[in-house]
**Student:** 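Would you mind keeping the following structure in view while I ask a few things?
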Amino acid sequence: MRKCLFVLAGVFAVMTGFSSEDGALSLNGTFQGSKVDAAAPSGWTKNYADKPWIGTSKMIQTEKDGGLALQVEVLPTQGETPFYTTPLFPAFGEDSLEITLCLKGKGRVQTGVYTYGEKRAFLTEVKKTFTIDTTAENGQEITHLVRIQDTDKGKVSQIRIMFAVLPRSSFVITSIKAKFADPE
């Protein structure tokens with residue numbers, strides 16, 4: 001009985017750590033705890049980081065408030081430079097997520113999710129491309145409503161939030177947030 005209660009308490013703690021009452025996912029979207037000059041924010045993974053064809057990235061301190069931001073530059077000869085949350089979040093087919101990215105710079109960026117089934121098997125990616133050209137001091141917010149769907153490969157049980165900077169683009173990303181939303 002004690003073991004059962006301990007396991008249930010652990011599951012509850014993990015589940016409640018993933019999202020708040022308003023459905024917001026705990027994904028370190030303001031990059032707290034990240035180290036200046038690191039290639040990716042704390043809690044995030046730079047996909048293909050060891051490949052020579054990927055763009056450059058580093059954590060920087062912002063001039064305005066001394067906070068942290070991710071600077072990413074992808075040359076025309078380089079491939080897309082994707083980042084994803086290191087932890088997986090529970091989700092299911094037919095769930096909807098609202099992803100908001102705040103950035104400044106010029107080029108194209110994608111936001112979306114990677115979906116996974118049982119045993120962390122990758123299923124698919126759902127993403128949208130935005131073209132941005134802003135040097136506004138506070139940057140620009142873009143919002144993407146993602147609808148998660150099961151695939152022929154299997155039923156979705158987990159996701160990772162992702163964003164990618166595409167070739168011929170240079171951005172400073174100051175925050176990213178995601179929350180479960182009502183489908184439109």
Side-chain angles (χ1 to χ4, degrees), residues 18-20 22-89 91 96-115 125-148 159-181 184:
F18 285 130
S19 64
S20 64
D22 67 353
L25 299 178
S26 300
L27 47 80
N28 192 22
T30 56
F31 314 135
Q32 296 174 348
S34 301
K35 295 182 179 175
V36 173
D37 292 329
S42 178
W44 291 81
T45 300
K46 181 179 181 181
N47 211 1
Y48 313 115
D50 60 342
K51 304 297 182 196
W53 48 265
I54 204 79
T56 59
S57 62
K58 69 177 180 178
M59 294 302 301
I60 60 170
Q61 268 193 313
T62 59
E63 294 174 15
K64 182 179 174 184
D65 61 5
L68 294 169
L70 177 64
Q71 182 178 40
V72 184
E73 184 171 0
V74 185
L75 301 174
T77 57
Q78 295 174 316
E80 74 174 41
T81 304
F83 297 82
Y84 60 86
T85 53
T86 305
L88 290 156
F89 298 99
S96 292
L97 279 170
E98 183 180 280
I99 301 171
T100 303
L101 187 67
C102 187
L103 69 166
K104 61 182 169 181
K106 184 176 184 174
R108 295 179 307 139
V109 64
Q110 296 175 327
T111 63
V113 296
Y114 295 146
T115 65
E125 55 189 34
V126 181
K127 55 189 178 180
K128 181 177 179 180
T129 303
F130 297 86
T131 301
I132 307 293
D133 185 358
T134 183
T135 56
E137 185 176 339
N138 293 329
Q140 178 178 341
E141 269 193 4
I142 56 172
T143 299
H144 176 198
L145 184 64
V146 179
R147 184 154 183 205
I148 300 166
I159 59 167
R160 284 189 165 117
I161 307 303
M162 63 79 59
F163 64 90
V165 177
L166 303 182
R168 293 185 167 95
S169 302
S170 179
F171 289 108
V172 172
I173 299 163
T174 55
S175 70
I176 183 168
K177 51 190 170 183
K179 67 179 182 175
F180 285 100
E184 289 185 347

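Values below: all heavy atoms of this structure, side chains included; hydrogens, waters and symmetry mates excluded.
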**Student:** To the nearest 0.5 Å, tell me how far Phe171 CZ sits from Thr81 OG1.
**Tutor:**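 Reported to 0.5 Å precision, the distance equals 11.5 Å.
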**Student:** Give every residue pair that meets the salt bridge (charged side-chain N to carboxylate O under 4.0 Å, His left out) criterion with at least one member in residues 41-50, sequence neighbours excluded.
**Tutor:**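 Checked against salt bridge (charged side-chain N to carboxylate O under 4.0 Å, His left out) - neighbours excluded - no pair reaches residues 41-50.
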**Student:** For atom NZ of Lys127, is the number of surrounding heavy atoms from other residues, nucleotides or ligands below 6.0 Å larger than 12?
**Tutor:**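 Correct, the count exceeds 12.
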**Student:** Within the side chain of Ser34, is there an N or O that forms a donor-acceptor pair under 3.5 Å with the backbone of Ser42?
**Tutor:**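 Checking the backbone N and O of Ser42 against the side chain of Ser34, a donor-acceptor pair under 3.5 Å is found.
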**Student:** Using side-chain heavy atoms (C-beta onward) and a distance below 4.5 Å, is Pro167 in contact with Gln78?
**Tutor:**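 Side chain of Pro167 against side chain of Gln78, heavy atoms only: no contact under 4.5 Å found.
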**Student:** Measure the CD1-CG distance between Ile176 and Leu27 for me, rounded to the nearest 0.5 Å.
**Tutor:**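 So the gap between those two atoms works out to 6.5 Å.
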**Student:** Of all the heavy-atom pairs spanning Phe31 and Pro41, show the shortest one and how long it is.
**Tutor:**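 Nearest heavy atoms, Phe31 then Pro41: CD2-CB, 3.3 Å.
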**Student:** When you measure from the side chain of Thr62 to the backbone of Gly67, do you find a donor-acceptor pair of N or O atoms at a distance under 3.5 Å?
**Tutor:**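 Yes.
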**Student:** If we ignore angles and hydrogens, is there a donor and acceptor under 3.5 Å between the side chains of Thr100 and Thr143?
**Tutor:**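 Yes, a side-chain donor-acceptor pair sits under 3.5 Å.
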**Student:** So, for Gly55 and Val74, which heavy atoms are closest and what is the spacing to 0.1 Å?
**Tutor:**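 Distance-wise, the nearest heavy atoms are CA-CG2, 4.1 Å.
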**Student:** Donor-acceptor check, side chain of Arg108 to backbone of Thr131, threshold 3.5 angstrom: yes or no?
**Tutor:**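 Pair absent, no side-chain N/O of Arg108 close to backbone of Thr131.
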**Student:** Do Leu103 and Ile142 pass the side-chain contact (heavy atoms from CB on, under 4.5 Å) test, and can you show the C-alpha distance, the side-chain angles, and the key distance before you say yes or no?
**Tutor:** CA-CA 8 Å; Leu103 69 166; Ile142 56 172; 4.2 Å; yes
**Student:** What are the two closest heavy atoms between Trp53 and Glu80, and how far apart are they?
**Tutor:**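 Nearest pair, atom of Trp53 first, then Glu80: CZ3-O, 4.1 Å.
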**Student:** Can you classify the ring geometry of Phe163 versus Phe83 as parallel (below 30°), tilted (30 to 60°) or perpendicular (above 60°)?
**Tutor:**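 Because their plane-to-plane angle is under 30°, the rings of Phe163 and Phe83 count as parallel.
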**Student:** First locate atom CZ of Arg160, then atom CD of Glu125, and finally report the distance between them rounded to the nearest 0.5 Å.
**Tutor:**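 If I round to the nearest 0.5 Å, the distance is 13.0 Å.
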**Student:** In Å, rounded to the nearest 0.5 Å, how long is the span from CG of Leu68 to NZ of Lys35?
**Tutor:**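 Leu68 atom CG to Lys35 atom NZ measures 12.5 Å (nearest 0.5 Å).
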**Student:** Do Leu97 and Ile161 have side chains that get closer than 4.5 Å, going by heavy atoms?
**Tutor:**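 Answer yes - side chains close enough.
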**Student:** Any side-chain to backbone donor/acceptor pair from Ser170 onto Gly105? Under 3.5 Å, distance only.
**Tutor:**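 No; zero donor-acceptor contacts below 3.5 Å.
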**Student:** Taking C-beta and beyond as the side chain, do Val113 and Ile99 meet within less than 4.5 Å on heavy atoms?
**Tutor:**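 When only atoms from C-beta onward are counted, Ile99 and Val113 do touch, with a gap below 4.5 Å.
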**Student:** Quick check: do Thr56 and Lys58 have side-chain heavy atoms less than 4.5 Å from each other?
**Tutor:**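 Contact flag for Thr56/Lys58 side chains = no.
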**Student:** Tell me whether Ser57 contacts the main-chain N or O of Ala39 through its side chain, where contact means a donor paired with an acceptor under 3.5 Å.
**Tutor:**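 Between the backbone of Ala39 and the side chain of Ser57 there is a qualifying donor-acceptor contact (under 3.5 Å).
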**Student:** To check you understand the geometry: which heavy-atom pair defines the closest contact between Ser175 and Thr30, and what is its length?
**Tutor:**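 Scanning both residues completely, I find the closest heavy atoms to be CB-CG2, 4.4 Å.
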**Student:** Hey, are the side chains of Val126 and Ile159 touching, using non-hydrogen atoms and a 4.5 Å cut-off?
**Tutor:**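 The answer is no; the side chains never approach within 4.5 Å.
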**Student:** Which pair of heavy atoms, one from Pro82 and one from Ile54, lies closest together, and at what distance?
**Tutor:**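 Looks like CD-CD1, 3.9 Å.
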**Student:** Is a side-chain donor or acceptor of Gln110 paired with a backbone partner of Thr129 at a separation under 3.5 angstrom?
**Tutor:**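 No, the answer is negative, given that no donor and acceptor are paired below the 3.5 Å cut-off.
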**Student:** Supply the atom-to-atom distance Lys104 NZ to Gln71 CD, rounded to the nearest 0.5 angstrom.
**Tutor:**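 Rounded to the nearest 0.5 Å, the NZ-CD separation comes out at 10.5 Å.
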**Student:** Between atom NZ of Lys128 and atom NE2 of His144, what is the distance when rounded to the nearest 0.5 Å?
**Tutor:**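 If I round to the nearest 0.5 Å, the distance is 6.0 Å.
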**Student:** Grab the two heavy atoms, one from Gly139 and one from Thr134, that are nearest each other, plus how far apart they are.
**Tutor:**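 Looking at all heavy atoms of both residues, the shortest contact is C-CG2, 4.5 Å.
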**Student:** Please enumerate all residues that pass ring pair (Phe, Tyr, Trp, His ring centres under 6.0 Å) together with Phe130, with sequence neighbours excluded.
**Tutor:**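 Result, ring pair (Phe, Tyr, Trp, His ring centres under 6.0 Å) vs Phe130: none returned.
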**Student:** Do the side chains of Thr85 and Leu25 get nearer than 4.5 Å, heavy atoms only?
**Tutor:**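 A side-chain contact is absent here, since even the closest heavy-atom pair is not under 4.5 Å.
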